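Report on the structure given below.
Since this is a predicted model, take the numbers as computed values, not measurements. Each ligand, and each atom within it, is numbered from 1 in the order the structure gives.
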Amino acid sequence: MPDIDTLLRRYLRAQVLAGTAYHVPDSEGLIKLDAMENPYTLPAELRRAWLEALAEVDLNRYPDPQARALSVALRARLGLSADTGLLLGNGSDELIQLLSIAFAGSGKPALAPAPSFVMYKVLAEAVGLDFIGVPLGADFALDRDAMLDAIARHEPGLIYLAYPNNPTGNLFDDETMHAILRAAPGVVVIDEAYSAFSSKSFLPILSRYDNLLLMRTLSKQGLAGLRLGLLMGAPAWIEQLDKLRLPYNINSLTQVSAVCLLRHQDVLDAQVRAILEERDRLFRALTRLPGVMAYPSEANFISFRVGAGRGDALFQALREDGILIKNLGANTALSDCLRVTVGTPEENAAFLQVLEKHL
Ligand SMILES: *Cc1c(COP(=O)(O)O)cnc(C)c1O
């Protein structure tokens with residue numbers, strides 16, 4: 001009988017053996033400004049209404065496989081027409097995984113600008129779908145020529161555009177986005193994970209392109225724990241992807257919670273407004289700090305660059321003083337870049353104070 005290492009090497013794909021599990025840093029006891037979470041919890045009254053809705057759930061039964069009540073609520077909320085397809089995922093991460101599975105084996109790669117959301121590459125390669133990253137240009141703008149050249153050369157079946165982009169926070173140029181939509185041989189997924197904080201969206205013109213899928217999530221606007229993502233677009237695409245979805249991917253508690261909380265959207269909207277005000281304040285404060293270059297953001301985080309060679313040390317110093325942010329420096333295009341999620345006024349003040357002390 002061969003030993004277990006021999007068996008692993010014999011039967012697992014090289015991508016699996018070479019990969020690493022998604023690492024979430026321990027945040028216990030720290031001010032958590034690393035993961036684009038909304039810092040506010042639900043007000044007590046809404047929390048009670050939500051718990052009452054949850055108490056009605058029959059956990060002995062499987063969830064509604066089509067999540068019908070939730071789909072109706074989401075369609076109404078987004079103003080989706082009946083001829084727009086809607087697919088729900090266990091977070092948009094699951095939708096990215098589903099897209100990866102659907103396009104793997106086609107012989108054509110997935111493509112996205114780089115740096116962008118890491119899961120596009122991770123989940124593509126996990127299922128043997130090649131991934132092409134096209135470097136962003138100056139100020140993290142799309143490099144129009146490089147994108148169009150790469151699309152012509154690689155003929156990607158799947159293109160991701162995060163709008164606004166994570167981890168850079170900016171929106172891409174409209175005309176370049178449209179040029180990519182026209183040039184794409186397959187589908188273009190515009191990932192609007194930060195739509196609640198952004199001044200622009202492609203939702204109003206979704207039906208203009210047959211090859212456009214729009215992805216959103218409830219995570220960044222206050223419901224990260226629910227795990228609920230949305231993919232919208234032409235029903236022909238959505239129907240194919242739906243074949244690959246696990247039957248009960250949206251659990252009963254998530255379905256009931258989301259329906260209940262969408263009825264109280266005003267609470268989440270007020271939280272978003274508070275975060276937007278804080279984003280502006282935080283941006284102005286970062287810009288005033290010597291040696292800090294903050295990048296304008298249309299999301300609920302701000303990425304900033306510090307002095308050459310200082311990024312890792314600053315990240316560590318902040319953590320030792322109780323503030324957890326994200327170190328982006330492992331990516332060469334983001335050397336000495338750090339990313340802070342917009343927190344409460346108190347959390348942001350604590351972050352700024354500690355940062356200033358260590359600069
Ligand atoms: C956070 C994020 C996601 C994932 O969101 P979930 O719905 O929580 O899985 C997707 N895309 C981008 C660009 C993100 O920043």
Nearest protein heavy-atom contact for atom 10 (C) of ligand 1: which residue, which atom, what distance?
Phe117 CE2, 3.3 Å
Classify the contact between Lys220 and ligand 1 as side chain, backbone, both or neither, using a heavy-atom distance cut-off of under 4.0 Å.
side chain
State whether Lys121 and Glu125 are salt-bridged, where the test is any N-O pair (Lys NZ or Arg NE/NH1/NH2 against Asp/Glu carboxylate O) under 4.0 Å.
yes
Contact atoms of ligand 1, heavy-atom distance to Asp93 under 4.0 Å:
4 (C), 9 (O)
Tell me, which protein residue and heavy-atom name are nearest atom 11 (N) of ligand 1, and how many Å apart are they?
Asp191 OD2, 2.6 Å
Return the closest protein heavy atom for atom 15 (O) of ligand 1 as residue, atom name and distance.
Tyr194 OH, 2.6 Å
Can you confirm whether Leu111 sits close enough to Tyr160 that some side-chain heavy atom of one is under 4.5 Å from a side-chain heavy atom of the other?
no
Quiz question: by atom type and distance under 3.5 Å, do the side chains of His358 and Asp321 form a donor-acceptor pair?
yes
Tyr163 and Phe202 aromatic ring geometry - parallel, tilted or perpendicular at 30°/60° bounds:
perpendicular
Looking only at non-hydrogen atoms, find the nearest pair between Ala179 and Arg144 and report the distance.
CB-NH2, 3.5 Å
Less than 3.5 Å apart, any donor N or O on the side chain of Tyr295 or Arg305 sitting next to an acceptor on the other?
yes
So, 4.0 Å and heavy atoms of Met119: is ligand 1 close enough to count as a contact?
no
Is there a donor-acceptor contact under 3.5 Å linking the side chains of Arg216 and Ser201?
yes
Can you tell which part of Ser92 has a heavy atom less than 4.0 Å from ligand 1: side chain, backbone, both or neither?
both
Contact between Arg227 and ligand 1, counting heavy atoms under 4.0 Å?
yes
Out of all atoms in ligand 1, which are within 4.0 Å of some heavy atom of Gly91? Include the element for each.
7 (O), 9 (O)
Decide if atom CD of Glu175 counts as having more than 12 heavy atoms of other residues, nucleotides or ligands within a radius under 6.0 Å.
yes
So which bit of Met36 gets within less than 4.0 Å of ligand 1, heavy atoms only: side chain, backbone, both or neither?
neither
Among Ala224, Ser219, Gly229, Ala35, which residue places a heavy atom closest to atom 8 (O) of ligand 1?
Ser219
